[in-house]
Structures are given as C-alpha cells and as structure tokens.
Amino acid sequence: MSVKANIDKLRESVPANVKIVAVSKFHSNDEILEVYNDGQLLFGESRVQELIVKQPTLPADIKWHFVGSLQRNKVKFIAPFIHLIHSLDSERLMREIEKQAAVNNRKISCLLQLHVADEETKSGFSPDECRQFLAEGKWRECKHVQLAGVMGMATFTEEMEQVRGEFRLIKSLFDEFKSQHFSNDDNFKEISMGMSGDYPIAIEEGATIIRVGTLIFGER
Ligand SMILES: *Cc1c(COP(=O)(O)O)cnc(C)c1O
C-alpha cells in the first residue's frame with residue numbers, strides 16, 4: 001500500500017478529536033511530502049541531527065514534534081522552530097529549554113514524559129518524581145516553557161491488558177496533575193500515548209495525541 005493509502009486508512013480509525021503525529025524518523029523527504037500533500041501537518045522526529053537536516057528542506061508550515069530523548073546541549077538547534085517537545089523529564093532540561101526559548105523570543109510547549117513501562121530506560125519521570133517536580137513549582141519561573149500535558153510509552157509486550165493498565169495510569173496522572181496544578185490553565189490538555197502497535201487502546205484510555213510511524217511509512 002502507498003504511504004497516502006496508509007494514512008487515509010489510519011485517519012478512518014481515529015476520532016477527529018485525536019491528533020495524529022506522523023513519526024517520520026529514518027524516512028525520506030519524498031515519503032514525508034507524500035503524507036504532507038495528503039494534508040498532514042504534524043510530524044515527529046526522535047533525533048535532533050536528523051530533524052535539523054530535514055526541517056529547512058521541507059515546507060515551513062509543518063509543525064515538528066520532538067518525541068525522542070533530548071540532550072540539553074542540542075536544545076538550541078531545535079528551539080527556533082519546534083512546535084511541541086514530548087520528552088521533558090528533568091529540571092535541568094527545562095532550564096535549558098527556557099533559556100533557548102527566551103533567546104528565540106518564543107514560548108515552547110512541552111509534555112512531561114512519564115516512565116510507566118516495565119523496561120529499564122533513563123528517560124521519563126517516575127510518577128513520584130513528576131509529582132515532586134510539579135510540587136516544587138520551579139516550572140512556574142520558566143515563562144518561556146508552556147507545560148501542555150503528559151507523554152508516555154507502554155511496555156513493548158503482547159500483553160494488551162498490561163499496556164491498557166499503563167495507559168490508564170498515564171491518564172490518571174494527567175487528571176491528578178490537571179486538578180492539582182493546572183485547573184486554571186487551558187493549555188495543559190494533551191495526553192500523548194499510543195504508537196503503531198497499541199494506538200487503539202491508547203485512544204480508548206484517553207489519548208489526545210498518538211505518535212504513529214510504522215503504520216504510515218512502513219518498517220524502518
Ligand atoms: C519511533 C517512535 C514512535 C513511532 O513508533 P511506531 O511503532 O513506528 O509507530 C512513537 N513514539 C516515539 C517516542 C518513538 O520514538
């Protein structure tokens with residue numbers, strides 16, 4: 001099937017209020033343009049080096065999402081244009097985003113990345129770390145960072161009830177943070193969860209953004 005047919009089919013199965021980020025890592029500009037020409041404006045990349053090569057050579061109205069783990073020394077390269085960073089997971093990273101957003105006279109939207117899966121990985125706040133980060137309130141000093149919601153990944157497993165439980169936890173943490181810290185902030189509204197293998201469950205459990213690569217572009 002063509003890339004265009006793939007995204008058309010995906011759209012049919014996704015409610016209109018759920019945003020699809022087309023994760024284009026390792027895929028060419030030609031493939032990206034095929035999806036763009038079908039009306040897709042939200043694209044995601046997970047490596048800064050790849051993103052900064054692609055971004056200037058593709059249409060300027062693409063809204064780029066950064067979905068991979070982000071090193072502080074690379075924030076400056078994406079700060080001029082990035083639309084949403086899905087992977088905020090430390091105070092130090094937040095301070096750097098604040099600094100580079102200010103340099104560019106922008107306010108950069110970020111999602112709090114939560115680590116809820118079984119897998120060992122360095123990225124993402126644990127639920128308690130995230131509670132503490134929010135309670136400390138240093139984020140309130142960062143006027144160029146807009147906290148816009150949460151992001152998470154489920155364990156890579158065939159056990160779909162486990163995946164569902166992890167998505168449910170992400171949603172319940174979102175609800176907790178919303179009521180405790182953002183009840184008056186309409187910008188804190190996004191729940192980014194669900195990829196090619198598990199997005200239907202993520203939508204059932206409350207995702208507002210899904211991040212889909214393989215189902216659109218094929219295997220990497
Ligand atoms: C690659 C990637 C995706 C897309 O994964 P697929 O399984 O290809 O849909 C989503 N989120 C993140 C963080 C990724 O790195």
Can you find a side-chain donor-acceptor pair between [X] and [Y] that sits under 3.5 Å?
| X | Y | answer |
| --- | --- | --- |
| Asn29 | Thr57 | yes |
| Glu166 | Thr155 | yes |
| Ser24 | Glu45 | yes |
| Gln113 | Ser87 | no |
| His83 | His65 | no |

Heavy atoms only: give me the nearest [X]-[Y] pair and the separation to one decimal.
| X | Y | answer |
| --- | --- | --- |
| Ser90 | Phe125 | N-CZ, 3.6 Å |
| Met153 | Ile170 | N-CD1, 4.3 Å |
| Arg106 | Pro80 | CD-O, 3.5 Å |
| Ser69 | Ser123 | CB-CB, 4.2 Å |
| Val145 | Cys110 | CG1-SG, 4.1 Å |
| Ala148 | Leu111 | C-CD2, 3.6 Å |

Are [X] and [Y] in one and the same hydrophobic cluster, where Ile, Leu, Val, Met, Phe, Trp and Tyr link if side-chain heavy atoms are under 4.5 Å apart?
| X | Y | result |
| --- | --- | --- |
| Trp64 | Val212 | yes |
| Phe133 | Leu169 | yes |
| Met151 | Leu93 | no |
| Leu33 | Phe43 | yes |
| Leu41 | Ile82 | yes |

Would you indicate whether [X], at its atom [atom1], is surrounded by more than 12 heavy atoms from other residues, nucleotides or ligands within a distance under 6.0 Å?
| X | atom1 | result |
| --- | --- | --- |
| Asn37 | CG | yes |
| Glu136 | CD | yes |
| Glu119 | CD | yes |
| Lys9 | NZ | no |
| Phe26 | CZ | yes |
| Asp61 | CG | yes |

TODO: Kindly indicate, with the supporting measurements, whether the criterion side chain to side chain contact (heavy atoms under 4.5 Å, CB included) is fulfilled by His144 and Ile108.
DONE: CA-CA 6 Å; His144 301 85; Ile108 298 181; over 6 Å; no
Task: Derivation and outcome, side chain to side chain contact (heavy atoms under 4.5 Å, CB included), residues His181 and Arg140 - done: CA-CA 10 Å; His181 302 285; Arg140 294 182 191 275; 4.1 Å; yes
Nearest 0.5 angstrom please: [X] [atom1] to [Y] [atom2], how far?
| X | Y | atom1 | atom2 | value |
| --- | --- | --- | --- | --- |
| Ile191 | Ile203 | CD1 | CD1 | 12.5 Å |
| Glu161 | Ile201 | CD | CD1 | 7.5 Å |
| Ser109 | Ile97 | OG | CD1 | 10.5 Å |
| Phe66 | Ser46 | CZ | OG | 6.5 Å |

Open item on the list: Under 4.0 Å between a side-chain nitrogen and a carboxylate oxygen: does that hold for Asp38 and Arg11?
Closed with: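 Between Arg11 and Asp38 there is a salt bridge, with a charged N closer than 4.0 Å to a carboxylate O.
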Open item on the list: Could you check whether Arg92 pairs with Glu96 (Lys NZ or Arg NE/NH1/NH2 to Asp/Glu carboxylate O, under 4.0 Å)?
Closed with: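 No, this pair does not count.
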Under a 3.5 Å distance rule, please check whether [X] uses its side chain to pair with a backbone N or O of [Y] as donor and acceptor.
| X | Y | result |
| --- | --- | --- |
| Arg211 | Ser192 | yes |
| Asn104 | Ala101 | no |
| Lys178 | Asp185 | yes |

Open item on the list: salt bridge (Lys or Arg N to Asp or Glu O under 4.0 Å), that's the test. Do Arg131 and Glu176 meet it? Break it down for me.
Closed with: CA-CA 9 Å; Arg131 287 186 181 102; Glu176 175 188 328; 2.7 Å; yes
TODO: State which residues pass ring pair (Phe, Tyr, Trp, His ring centres under 6.0 Å) with His115; sequence neighbours excluded, sorted by chain then number.
DONE: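 For His115, no residue satisfies ring pair (Phe, Tyr, Trp, His ring centres under 6.0 Å) once neighbours in sequence are set aside.
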- [ ] Quick one: do Lys138 and Glu91 satisfy salt bridge (Lys or Arg N to Asp or Glu O under 4.0 Å)? Show the steps, please.
- [x] CA-CA 8 Å; Lys138 300 207 174 113; Glu91 185 188 324; 3.6 Å; yes
Task: salt bridge (charged side-chain N to carboxylate O under 4.0 Å, His left out) partners of residues 72-89, not counting sequence neighbours, each pair once - done: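 Every pair satisfying salt bridge (charged side-chain N to carboxylate O under 4.0 Å, His left out) with a residue in residues 72-89: there are none.
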- [ ] Could you check Glu204 against Arg168 for salt bridge (Lys or Arg N to Asp or Glu O under 4.0 Å), going step by step and ending with a plain yes or no?
- [x] CA-CA 9 Å; Glu204 285 170 13; Arg168 207 165 274 182; over 6 Å; no
Task: Contact list for residues 184-206, test ring pair (Phe, Tyr, Trp, His ring centres under 6.0 Å), sequence neighbours left out - done: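 For residues 184-206, and leaving out neighbouring residues, the ring pair (Phe, Tyr, Trp, His ring centres under 6.0 Å) pairs sorted by first residue read Phe174-Phe188, Phe182-Phe188.
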Task: Derivation of the side chain to side chain contact (heavy atoms under 4.5 Å, CB included) call for Glu190 and Val150 - done: CA-CA 6 Å; Glu190 305 292 4; Val150 300; over 6 Å; no
TODO: Step by step, work out the salt bridge (Lys or Arg N to Asp or Glu O under 4.0 Å) result for Glu50 and Lys25.
DONE: CA-CA 8 Å; Glu50 184 172 350; Lys25 62 186 184 212; over 6 Å; no
Open item on the list: Let's go through Ile78 and Leu70 carefully: what are the C-alpha distance in whole Å and the side-chain angles of both, what is the deciding distance for side chain to side chain contact (heavy atoms under 4.5 Å, CB included) to 0.1 Å, and is it a yes or a no?
Closed with: CA-CA 10 Å; Ile78 63 171; Leu70 181 56; 4.1 Å; yes
Task: Test side chain to side chain contact (heavy atoms under 4.5 Å, CB included) applied to Lys63 and Leu84, Leu42, Val21, the passing residue - done: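 In the set Leu84, Leu42, Val21, the residue that makes a side chain to side chain contact (heavy atoms under 4.5 Å, CB included) with Lys63 is Leu42.
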